[in-house]
Amino acid sequence: MTSSAWRRKYFATTRGQIVQLLCNGSHTVMELAGQLATSENAVRSHLAALEAEGYVRMSGKRAGTRKPHFSYELTPKAHDLFANAYEPVLVELLEVLALTCSDQKLTALALDVGRRFVHTLLSSLKRHKTASRLKTVISKSCDAGIPLNVVQHNGEIIIRGCSCPLTSVVKRRPALCDVVARLLAEVLEQPVTQQCDHGVVPRCEFRTERPSGFRLTNTGSANG
């Protein structure tokens with residue numbers, strides 16, 4: 001089974017969904033059970049397994065009506081679930097290109113490559129409305145083993161990655177996040193901004209106006 005196929009299968013499980021929910025911050029058992037529409041005991045069982053695997057840890061306590069609730073977060077090891085083996089090759093390729101190209105030329109090359117990639121995967125989207133395009137982008141990403149959390153806030157759609165599929169690349173070339181934002185804007189035909197975290201564990205975050213007809217389920221999945 002390929003790496004992306006394994007990730008796709010893993011993130012479709014309840015345990016994988018818990019990892020996705022925790023990628024945006026800590027949650028209590030009760031919060032996770034509500035998001036997943038399952039029992040708290042089932043969530044506790046999955047969290048215990050994830051703790052044993054080294055992917056989840058307790059992060060603190062929150063006040064409750066009768067007793068405090070423990071919250072859980074992802075460990076640094078959990079972000080290995082989202083890493084890609086081609087990153088080192090891509091890093092070196094960009095460094096070699098940077099020796100002979102200006103930053104402007106390098107950005108233009110990245111855009112050209114990105115447009116070719118987008119055309120291959122999303123060439124049929126031209127006849128669809130923006131809501132359908134956004135739903136397809138999210139679905140294709142998850143199918144490729146790159147799960148996304150999507151939330152709606154103040155009329156915006158915020159797309160967050162649990163990690164970054166180009167972690168070691170953007171550490172050296174953070175401007176590539178702007179390239180991705182431009183590609184998304186071209187696909188959706190509306191402005192997209194990036195607010196990616198380029199810290200110790202880079203995480204993707206892109207924002208765009210909520211398209212008419214686009215809605216989310218209670219688990220953050222997209223419907224359109």
Side-chain angles (χ1 to χ4, degrees), residues 4 7-14 16-27 30-38 82 84 107-108 110-166 170 174-198 202-224:
S4 61
R7 287 181 186 135
R8 183 166 59 249
K9 185 175 181 180
Y10 179 81
F11 290 122
T13 66
T14 302
Q17 290 175 45
I18 289 174
V19 169
Q20 292 182 68
L21 288 171
L22 291 177
C23 77
N24 279 327
S26 63
H27 288 284
M30 183 172 64
E31 289 170 340
L32 291 169
Q35 288 283 340
L36 297 168
T38 189
F82 311 103
N84 287 288
T107 297
L111 272 171
D112 186 45
V113 172
R115 284 170 180 145
R116 289 170 181 264
F117 183 72
V118 166
H119 179 75
T120 300
L121 293 179
L122 307 173
S123 59
S124 63
L125 288 184
K126 285 294 183 182
R127 64 179 181 273
H128 294 288
K129 294 182 178 180
T130 302
S132 180
R133 294 182 188 191
L134 181 54
K135 180 183 175 183
T136 301
V137 168
I138 295 165
S139 175
K140 289 288 187 181
S141 176
C142 293
D143 286 346
I146 307 171
L148 300 172
N149 282 104
V150 186
V151 298
Q152 181 178 321
H153 180 68
N154 291 337
E156 279 189 321
I157 293 297
I158 305 172
I159 305 169
R160 296 188 179 111
C162 297
S163 184
C164 173
L166 302 172
V170 300
L176 287 177
C177 295
D178 294 318
V179 172
V180 176
R182 286 178 63 177
L183 290 170
L184 282 172
E186 290 177 8
V187 171
L188 301 177
E189 295 187 344
Q190 67 179 39
V192 174
T193 59
Q194 68 91 356
Q195 296 185 17
C196 301
D197 182 351
H198 298 130
R203 298 186 186 188
C204 304
E205 180 172 316
F206 299 94
R207 299 187 176 216
T208 189
E209 181 181 348
R210 177 185 173 275
S212 176
F214 185 88
R215 58 191 177 87
L216 300 172
T217 67
N218 63 342
T219 58
S221 300
N223 286 326

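- To the nearest 0.5 angstrom, Leu184 atom CG is 8.5 Å from Thr208 atom OG1.
- Between the side chain of His27 and the main chain of Leu21, a donor-acceptor pair closer than 3.5 Å is present.
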Practice item. Would you please test Leu36 and Gln17 for side chain to side chain contact (heavy atoms under 4.5 Å, CB included) and show each step? Key: CA-CA 8 Å; Leu36 297 168; Gln17 290 175 45; 3.4 Å; yes
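- Closest of all the heavy-atom pairs between Ser212 and Ala131 is O-CB, 3.4 Å.
- The line from CG of Leu188 to CZ of Phe206 is 11.5 Å long, rounded to the nearest 0.5 Å.
- The nearest pair of heavy atoms linking Ala110 to Leu176 is CB-CD2, 3.9 Å.
- Distance CD1/Ile138 to CD1/Ile157: 7.5 Å, rounded to 0.5 Å.
- Contacts of Glu209 classified as side-chain contact (heavy atoms from CB on, under 4.5 Å), with partners at least two apart in sequence or in another chain: Gln190.
- Partners of Glu205 under the salt bridge (charged side-chain N to carboxylate O under 4.0 Å, His left out) rule, at least two apart in sequence or in another chain, are Arg160, Arg207.
- Here Asn149 contributes atom CG and Leu22 contributes atom CG; the two are 9.5 Å apart, rounded to the nearest 0.5 Å.
- The residues Arg116 and Asp112 are annotated as salt-bridged, a charged nitrogen and a carboxylate oxygen being separated by less than 4.0 angstrom.
- For Val187, the side-chain contact (heavy atoms from CB on, under 4.5 Å) partners two or more places apart in sequence, or in a different chain, are Val118, Leu122, Leu125, Val137.
- In terms of modelled atom types and a separation under 3.5 Å, the side chain of Gln194 and the main chain of Cys196 share a donor-acceptor contact.
- Atom CZ of Arg182 has 12 or fewer heavy atoms from other residues, nucleotides or ligands within 6.0 Å.
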